[in-house]
Undergrad: 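Here it is, the structure, as structure tokens.
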Amino acid sequence: MSSASYDVAIIGGGPAGSTAATLLARAGRRVLVLERDKFPRFHIGESLLPFSMKAFSRLGLHEKFARAGFMEKFGGEMFGACSDQGVKFYFEDGFGSQTDRSYQVTRAEFDKVLLDHAAESGAEVREETSVERVVFSADGAVLHICGKDAAPEPIGARYVIDASGRNSLLGNHFKLKKNYTHLQKVSIFAHYDGVARAIGRDGTLTRMVRGLDRWFWMIPLTAKRMSIGVVLDAAVYRQTGRSPEEFLASALAEQPLLAERIIDAERVSPVHVAADFSYRSTRLTGPRWLLAGDAAGFIDPVFSSGVFLAVLAGEQSADALNIVLDHPRKARRLFARYERTINKAMDVYLRFVNAWYTKEFIEVFLHPQDLFQIPPAVNAVLGGNIGTSFAIRWRMAVFYGLVRLQKYFPLCPRRTLLPPSTTAAVPLRETAEALL
Ligand SMILES: Cc1cc2nc3c(=O)[nH]c(=O)nc-3n(C[C@H](O)[C@H](O)[C@H](O)COP(=O)(O)OP(=O)(O)OC[C@H]3O[C@@H](n4cnc5c(N)ncnc54)[C@H](O)[C@@H]3O)c2cc1C
């Protein structure tokens, strides 16, 4: 038994860190969360998946979410930029659906609810305290911190969860972080008030519009506010030479499916930019540490899987550590199982994301056929079902097979993915090349 002050020190108080902290504190462990910022603070990642709902129940959060007034979300809708014929999907229709809803959240408030909940559950939370360095030994770790208090003392803990998000403190320290070179994207986004939307249940859906070399999201956050963003190759954005503000405004204006909704809207936040967000850590655990959430890896924003994976990793890392704290000999086996579970979940999204960036994906998606219940299986994966059941796995295999075939044989209508006005302006030859 070490003389460390804490059983577990958690770096970062985002969804991964606060989930782990709540569960460990409730199990009676001495837990410390070190968070660099003061909450509430802006964060991106606003559309949540229904497969997180079980975890939120376990954490006892739904009542607090209702009090915070988070908007319930019932599904999504996807369009090709070239046509106003989109596809709506509702979570209740997903294969093996557990629930018909999830949440759209303003992350500043959501993350504060989660972090306060961890503190109320018994975790010690220190905000405005940044972890600078961690030194590991055979029986624990010493965390060197920098905080608002003058010259804070280093902190001892038996185990460390790195939930520092894309900052990935231990991943960088151990040089574990590997970028996905084929996914070098940039995202530009902001909040708007007064964006037109459907009424009732359809007014809660995330709208996604897929262009030829970019895609857009519209996420309703409250009755008034909408998050709007675009994702494209970082190199393509750089070539435009435009500022983020200019680029976002012109990219939205070019898309009738978005432009028609923002005629009376007003931008109410700065325009934010995120880049270099697609990477994976080659290891997720060591003898005294685990990486959770974005610190372990992040693939792409397209399927809104980030918070789902962060909460999953928060739960799984806490469950593993809770056993290991009493039975240290089980660490190797339980950490290996943790690593397998999280990697498998990330692999599901990596495959989905790789398919998404082909034109054929959206052509097949926008032409759903009631065949072998494939659309409900795809819907389930969109909802966060990571396809552990054979029933989903084989249907997804058929779906990917169709996407591959579509490249060579037009099983579904071909789409330009260019907005109608652009199509008219682009010479015919260029449009035909884009189709190849
Ligand atoms: C453009 C874009 C759009 C996205 N959209 C969605 C979406 O719609 N839905 C979705 O689910 N996900 C989305 N995501 C992903 C989502 O933002 C993340 O996956 C999610 O926030 C990960 O949670 P986390 O707890 O791992 O990390 P974070 O939420 O990033 O939390 C990490 C915390 O660690 C703190 N920290 C960092 N370094 C230190 C340090 N040295 N010491 C102390 N504290 C530290 C940070 O201040 C931060 O509060 C999107 C991502 C991008 C880039």
Side-chain angles (χ1 to χ4, degrees), residues 47-58 73-78 86-103 180 183 205-206 208 210 215 280 284 293 296-316 319 337-358 360-407 411-412:
S47 189
L48 310 188
L49 301 187
F51 268 69
S52 285
M53 295 298 258
K54 221 170 163 177
F56 295 146
S57 301
R58 180 181 178 198
K73 144 196 177 187
F74 294 87
E77 53 181 359
M78 234 180 246
V87 166
K88 286 188 171 64
F89 57 93
Y90 299 101
F91 297 132
E92 65 184 6
D93 301 327
F95 203 94
S97 167
Q98 294 177 336
T99 165
D100 64 347
R101 66 196 66 190
S102 175
Y103 296 101
Y180 285 116
L183 291 173
L205 307 183
T206 296
M208 288 166 66
R210 173 78 157 81
W215 64 270
R280 184 88 159 255
L284 307 190
F298 182 67
I299 314 289
D300 191 270
V302 62
F303 298 119
S304 302
S305 57
V307 172
F308 164 72
L309 290 172
V311 170
L312 177 75
E315 267 192 296
Q316 301 274 331
D319 291 346
R337 190 163 76 187
Y338 169 78
E339 194 153 338
R340 268 197 311 277
T341 306
I342 302 304
N343 273 326
K344 207 163 133 194
M346 283 200 276
D347 285 342
V348 167
Y349 286 104
L350 179 61
R351 188 166 188 204
F352 215 23
V353 165
N354 286 340
W356 164 258
Y357 284 109
T358 66
E360 296 78 32
F361 177 99
I362 195 74
E363 289 170 349
V364 173
F365 192 94
L366 290 177
H367 197 68
Q369 301 296 303
D370 195 10
L371 187 74
F372 306 128
Q373 291 191 289
I374 291 168
V378 176
N379 179 335
V381 177
L382 285 170
N385 185 329
I386 44 177
T388 39
S389 80
F390 179 67
I392 296 216
R393 270 189 288 137
W394 78 256
R395 286 179 172 87
M396 287 307 291
V398 174
F399 173 72
Y400 289 125
L402 291 172
V403 170
R404 261 200 307 279
L405 279 176
Q406 170 74 7
K407 184 166 182 176
L411 305 174
C412 308

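Keep in mind that the numbers below use all heavy atoms, side chains included, and drop hydrogens, waters and symmetry copies.
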Undergrad: Can you tell me how far CZ of F372 sits from CG of D370, rounded to the nearest 0.5 angstrom?
TA: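 Between D370 CG and F372 CZ, I get 11.0 Å after rounding to 0.5 Å.
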
Undergrad: Determine whether Y180 and L350 make a side-chain contact, defined as any pair of heavy atoms from C-beta on separated by less than 4.5 Å.
TA: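 Yes; the side chains approach each other to less than 4.5 Å.
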
Undergrad: With the threshold set at 4.0 Å, does a side-chain nitrogen-carboxylate oxygen contact exist between D347 and R280?
TA: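 Salt bridge: yes.
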
Undergrad: Under 3.5 Å, is there a donor-acceptor pair between the side chain of R395 and the main chain of P376?
TA: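 No; judged by distance alone, with no hydrogens or angles, the pair does not exist.
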
Undergrad: Work out which heavy atom in G293 is nearest to a heavy atom in A313; give both atom names and the distance.
TA: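 Reported closest heavy-atom pair: N-CB, 3.5 Å.
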
Undergrad: Backbone N or O of M53 within a donor-acceptor pair of the S57 side chain at under 3.5 Å?
TA: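 Pair found, side chain donor or acceptor close to backbone of M53.
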
Undergrad: Counting distance only, does the side-chain N/O of N379 pair as donor-acceptor with the main-chain N or O of P375 below 3.5 Å?
TA: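 Here the side-chain-to-backbone pair does not exist.
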
Undergrad: When you look at CZ of R337, are more than 12 heavy atoms from neighbouring residues, nucleotides or ligands closer to it than 6.0 Å?
TA: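 Atom CZ in R337 is not packed in, count stays at 12 or less.
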
Undergrad: Please check this pair: side chain of T206 against backbone of G76, looking for a donor-acceptor N/O pair closer than 3.5 Å.
TA: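 Here the side-chain-to-backbone pair does not exist.
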
Undergrad: If I take atom CG from residue L405 and atom OH from residue Y400, how far apart are they, to the nearest 0.5 angstrom?
TA: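 That separation rounds to 15.0 Å.
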
Undergrad: Tell me which one of T341, I392, V348 satisfies side-chain contact (heavy atoms from CB on, under 4.5 Å) with I386.
TA: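 For I386, the side-chain contact (heavy atoms from CB on, under 4.5 Å) test succeeds with only one of T341, I392, V348, which is V348.
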
Undergrad: State whether the side chain of Q406 and the backbone N or O of L411 hold a donor-acceptor pair below 3.5 Å, judged by distance alone.
TA: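 Side chain of Q406 to backbone of L411, a donor-acceptor pair under 3.5 Å: yes, one is there.
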
Undergrad: Answer whether the closest heavy-atom distance between the side chains of T358 and K407 falls below 4.5 Å.
TA: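 T358 does not reach K407 side chain to side chain.
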
Undergrad: Just by modelled atom types, is the L205 backbone N or O under 3.5 Å from a matching donor or acceptor in the E77 side chain?
TA: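 No, because the side chain of E77 does not come within donor-acceptor range (under 3.5 Å) of the backbone of L205.
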
Undergrad: Let me confirm one number: the CZ-CG distance from F95 to N385, rounded to the nearest 0.5 Å.
TA: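 Rounded to the nearest 0.5 Å, the CZ-CG separation comes out at 9.5 Å.
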
Undergrad: Sequence neighbours left out, cut at 3.5 Å: what donor-acceptor pairs do the side chains of residues 298-310 make with other protein atoms?
TA:
unit_1: D300; atom_1: OD1; unit_2: V302; atom_2: N; d: 3.0
unit_1: D300; atom_1: OD1; unit_2: Y357; atom_2: OH; d: 3.1
unit_1: D300; atom_1: OD2; unit_2: Y357; atom_2: OH; d: 3.0

Undergrad: Does E339 use its side chain to pair, donor to acceptor, with the backbone of L284 at less than 3.5 Å?
TA: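 Checked: pair present.
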
Undergrad: Could you measure the distance from the CD1 atom of I362 to the CZ atom of R210? Nearest 0.5 Å is fine.
TA: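 So the CD1 of I362 and the CZ of R210 are separated by 6.5 Å.
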
Undergrad: Looking at every heavy atom in both P368 and V87, which two are closest together, and how far apart are they?
TA: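 In terms of heavy atoms, the two residues are closest at CD-CG2, 3.8 Å.
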
Undergrad: Assign the ring pair F361 / F365 to parallel, tilted or perpendicular, where the plane angle (0 to 90°) is split at 30° and 60°.
TA: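 Judged by the thresholds at 30° and 60°, the geometry between F361 and F365 is parallel.
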
Undergrad: Starting at CZ of F74, measure out to CG of D100 and round the result to the nearest 0.5 Å.
TA: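 One gets 5.5 Å once the value is rounded to the nearest 0.5 Å.
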
Undergrad: Rounded to the nearest 0.5 Å, what separates atom NZ in K344 from atom OH in Y349?
TA: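 These two atoms lie 13.5 Å from each other.
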
Undergrad: Would you say S47 and K73 are linked by a side-chain donor-acceptor pair, where the criterion is simply a distance under 3.5 Å?
TA: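 The criterion, which ignores hydrogens and geometry beyond distance, is satisfied for S47 and K73.
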
